[in-house]
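Report on one structure; see the data block that follows.
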Amino acid sequence: STSDGTFWHEMGHNLGPIHANFWDTDGKSSIGPGKNAEYGNSFDVMGGSGSGRNGHFNASFKNQIGWLTSDLFTAVEAPGTYRIWQYDQAVADVSKRYALRIKKDNQRDYWVEFRQRYGASNNWITNGVHLNWDRWGVGGNDAATNGANGGSQLIDTTPGSPDNKNDAALVLGRTFSDTETGIHITPVSKNATTPPSMDVVV
């Protein structure tokens, strides 16, 4: 292929990431029983190469390759309100935090990221946050890991909607709940900072 997105996707593999996938529940729930949909994160060039220059690697992958170091994201250990800044940009400021990492279980963490490069073409992304399970199931592609095989998985916070995963982002004022682990995530305000930022209650 001569597409720039395919080039960036394949170069991404050379840096370490596998594929940006999607947790597919057939529209029945966000995180209930389902399966891995390979390449299913169409907002990440490691999933949908057609996302091109807007499709920054997700926060988990940026952490994997050393672009999003521990001083640039918040590892959430207690309930609170946390600010994250637009993370799909070229330059990181060490005074800011660009993602949240929340432990789900012994295999997975949630990563909360705030994208803006899709602009008016996707109001859900502009006014919400994406949730991903980080890369898991490394070294196995069996039922125990639901086929993740070391890839990340986008979570659709509006399962069964007519817009499918195009509106996967968790928008302002809505709450995502993982009732098994007691994790609740709510973006509460978008701030007109430079770059923009989002306040998230966990």
Side-chain angles (χ1 to χ4, degrees), residues 2-21 39 41-77 80-103 109-135 150-155 157 166 168-172 185-202:
T2 57
S3 80
D4 53 0
T6 299
F7 173 79
W8 295 326
H9 177 103
E10 299 306 332
M11 286 299 292
H13 284 316
N14 282 277
L15 295 171
I18 307 297
H19 287 141
N21 305 322
Y39 302 100
N41 186 343
S42 52
F43 308 104
D44 183 324
V45 75
M46 296 310 295
S49 59
S51 61
R53 65 183 66 248
N54 287 335
H56 275 226
F57 298 164
N58 66 62
S60 170
F61 285 165
K62 285 191 176 186
N63 174 247
Q64 180 184 3
I65 62 181
W67 291 354
L68 192 67
T69 52
S70 59
D71 58 336
L72 294 173
F73 68 86
T74 299
V76 175
E77 297 181 351
T81 301
Y82 299 90
R83 178 164 292 184
I84 55 175
W85 301 76
Q86 175 190 348
Y87 102 109
D88 52 348
Q89 56 177 311
V91 179
D93 179 343
V94 294
S95 69
K96 297 177 173 60
R97 299 296 175 266
Y98 295 94
L100 304 179
R101 186 176 191 173
I102 308 164
K103 183 176 179 62
D109 296 332
Y110 286 104
W111 285 86
V112 183
E113 60 192 39
F114 176 48
R115 294 176 178 264
Q116 290 290 277
R117 288 181 64 100
Y118 285 85
S121 66
N122 190 306
N123 286 327
W124 298 286
I125 295 177
T126 304
N127 296 292
V129 296
H130 268 154
L131 307 183
N132 285 280
W133 282 334
D134 65 355
R135 55 198 187 277
S152 63
Q153 290 170 326
L154 175 69
I155 304 300
T157 68
N166 195 47
L170 181 66
V171 296
L172 281 164
I185 302 168
T186 309
V188 293
S189 62
K190 180 179 178 181
N191 309 300
T193 51
T194 304
S197 60
M198 185 76 81
D199 291 334
V200 181
V201 173
V202 181

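All heavy atoms count here, side chains included; hydrogens, waters and symmetry mates do not.
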What is the minimum heavy-atom distance between Pro187 and Val129, and which atoms define it? CG-CG2, 4.3 Å
Which atom of Trp111 lies closest to which atom of Leu68, heavy atoms considered: CZ3-CD2, 4.0 Å
How about Ser197 and Lys96: do any of their side-chain heavy atoms sit closer than 4.5 Å? no
Using modelled atom types only, decide if a donor and an acceptor are shared between the side chain of Arg101 and the backbone of Val112 within a distance under 3.5 Å. no
Keeping Thr81 on the side-chain end and Val201 on the backbone end, is there a donor-acceptor pair under 3.5 Å? no
Ser189-Asp199 side chain donor-acceptor pair, cut-off 3.5 Å: yes
Closest heavy-atom contact between Tyr98 and Asp93? OH-N, 2.8 Å
Residue pair Met11 / Val45, side-chain heavy-atom distance below 4.5 Å: no
Which atoms form the tightest heavy-atom contact between Gly16 and Gln64, and what is the distance? O-NE2, 3.4 Å
Look at the side chain of Gln116 and the backbone N and O of Gln86, then say whether any donor-acceptor pair between them is shorter than 3.5 Å. no
Parallel, tilted or perpendicular for Tyr110 and Trp133, by the 30°/60° rule? tilted
Holding to salt bridge (charged side-chain N to carboxylate O under 4.0 Å, His left out), I want the full list of residues that pass it with Lys103, two or more places apart in sequence or in another chain. none
With rounding to the nearest 0.5 Å, note down the distance linking CG in Leu131 to OG1 in Thr157. 6.5 Å
Does any donor atom in the side chain of Asp88 or Asn54 lie under 3.5 Å from an acceptor atom in the other side chain? no
Check: Tyr82 and Ile102 side chains under 4.5 Å, non-hydrogen atoms: no
Any donor-acceptor pair under 3.5 Å linking the side chain of Arg135 with the backbone of Ser60? yes
For residues Phe43 and Asn122, determine if any side-chain heavy atom of one lies less than 4.5 Å from a side-chain heavy atom of the other. yes
Regarding Asn58 and Ser152, do their side chains bring together a donor and an acceptor under 3.5 Å, going by distance alone? yes
Ile155 vs Asn132 side-chain heavy atoms within contact, under 4.5 Å: no
Here the gap from Tyr87 atom OH to Phe114 atom CZ, rounded to the nearest 0.5 Å, amounts to 12.0 Å
How are the rings of His19 and His13 set relative to one another: parallel (under 30°), tilted (30 to 60°) or perpendicular (over 60°)? perpendicular
Within the 4.5 Å heavy-atom criterion, are Met198 and Arg83 side-chain neighbours or not? no
Between Arg115 and His56, which heavy-atom pair has the shortest distance, and what is it? NH2-O, 2.9 Å
When rounded to the nearest 0.5 Å, the distance separating CZ of Phe61 from CG of Asp134 is 9.5 Å
Check: Glu113 and Ile84 side chains under 4.5 Å, non-hydrogen atoms: no
Looking only at non-hydrogen atoms, find the nearest pair between Asn21 and Asn41 and report the distance. O-CB, 3.5 Å
